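On a predicted model such as this, the values are computed, not experimentally measured, just so you know. Remember, it's 1-based here, ligands and their atoms both numbered in the order they're listed. We number each residue from 1, following the sequence as shown.
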Amino acid sequence: MLNRRRFIKTTALSTGIIVLNSKCTLSGKSPNKPIVISTWDFGVAANADAWKVLNRNGNALDAVEQGVKVAEADIKNQSVGYGGLPDRDGIVTLDASIMDHLGNCGAVLALEQIKHPISVARLVMEKTPHVMLAGNGALQFALEQGFKKENLLTEKSKKDWEIWLKTAKYEPVSNIENKLYDQAAPEMLPGNQYNHDTIGMLALDSSGNMAGACTTSGMAYKLHGRVGDSPIIGAGLYVDNEIGGATSTGVGEEVVRNVGSFLVVELMRQGYSPEEACKEAVMRIIHKKNKSTKKLQVGFLALNKNGEYGAYAIQKGFSYAICDSKKQDLILKGKSYY
Ligand code: GLY
């Protein structure tokens, strides 16, 4: 006989309906805490800084901010912060969001010239009555808070953009980037490791509180002003301290269309494991795109209140990093649809 949680899950799977107000209790074994997880191999270095906070009984919010700042400052990482690939106009624009265990959240969209958008997002959360600041308003706020303007376009990213300009027509054609990668290896597909990605990080601290952060320079050579999923609460990041958190990487438009991270958390609320919830969110995208997802990457990563984690992606090649008391530099490959 089906128990209630399995019944809800089975019903949801077969009907596509999600029951939003049914709470599962993540009871059983004692939680694996503290723990921090993040997207991609570069998550290992980011987790290491987050772990310094968690390991001294610091809080999850401080941990995720410190952690993703490592990726934002990494000159070699061309998808996050300083050194990120620019938009079509050669301008680096950054998106970031952060969420704490009380459901507070803050975000910046299309922020220019500030190396650590995640810290600006945190101040939006803590010092304003708002959730999101965009463009010039976000920059003005950052400067008022003492951040300094910096040139974020490195020589390497400038060169890569100039090479792209030789072949790309300057036309606002939606998804023109995808056409450039028709013959590409899986890791070069839009949204995948070497093309476009994001750091999303989730932490559970020793007090049992959760927080998350997500930061990116977004899709390389995007239209100026394009904003992806990363700064949209519920899309690129969502945390519910009763249940767990989720974050995403890949082509943000598909995540926004499906409110992906919120969906993953709500599925965990219904009793799905983190991996099952990530898989169901990926299947939602595949179903809606009528399976025309061969050239598209989206990956979800989730952590529940017990410290259990999982991931799932459309394409092969999505990796994630885990750091807890047992092992601080674990990297796992996310399972995938293809
Ligand atoms: N996932 C990041 C973006 O699409 O901008």
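Residue G218 approaches ligand 1 through these ligand atoms, each under 4.0 Å from one of its heavy atoms: 5 (O). Taking a cut-off of under 4.0 Å to the non-hydrogen atoms of T198, the atoms of ligand 1 that pass are 1 (N), 2 (C). Numbered from 1 in the order shown, with element, the atoms of ligand 1 that lie under 4.0 Å from a heavy atom of S230 read 1 (N), 2 (C). Close contacts of ligand 1 with G228, meaning ligand atoms under 4.0 Å from a residue heavy atom, involve 5 (O).
For ligand 1, none of its N or O atoms has an N or O atom of D95 under 3.5 Å away. Ligand 1 has no N or O atom lying under 3.5 Å from any N or O atom of T216, backbone or side chain. Remark: ligand 1 and G252 share an N or O pair separated by less than 3.5 Å (distance only, no angle test). Residue R226 has at least one N or O atom closer than 3.5 Å to an N or O atom of ligand 1. For ligand 1, one of its N or O atoms has an N or O atom of G250 under 3.5 Å away.
Under the 4.0 angstrom criterion for non-hydrogen atoms, K222 is not in contact with ligand 1.
Under 3.5 Å, the side chains of D95 and S230 contain no donor-acceptor pair of N or O atoms. A side-chain donor from one of T293 and Y338 sits under 3.5 Å from a side-chain acceptor of the other. A donor atom on one side chain and an acceptor atom on the other are not found under 3.5 Å apart for D87 and T93.
L133 is connected to L111 through a chain of hydrophobic side-chain contacts under 4.5 Å among Ile, Leu, Val, Met, Phe, Trp and Tyr, so both are in one cluster. V68 and V120 are members of different hydrophobic clusters when ILVMFWY side chains are connected at heavy-atom separations under 4.5 Å.
Without hydrogens or angle criteria, S217 side chain to S79 main chain gives a donor-acceptor distance under 3.5 Å. A distance-only check finds a donor-acceptor pair linking the side chain of Q297 to the backbone of I314 [under 3.5 Å].
Looking only at side-chain heavy atoms (C-beta outward), V70 and D74 stay at 4.5 Å or farther from each other.
Residue E254 does not touch ligand 1, judged by heavy-atom distances below 4.0 Å.
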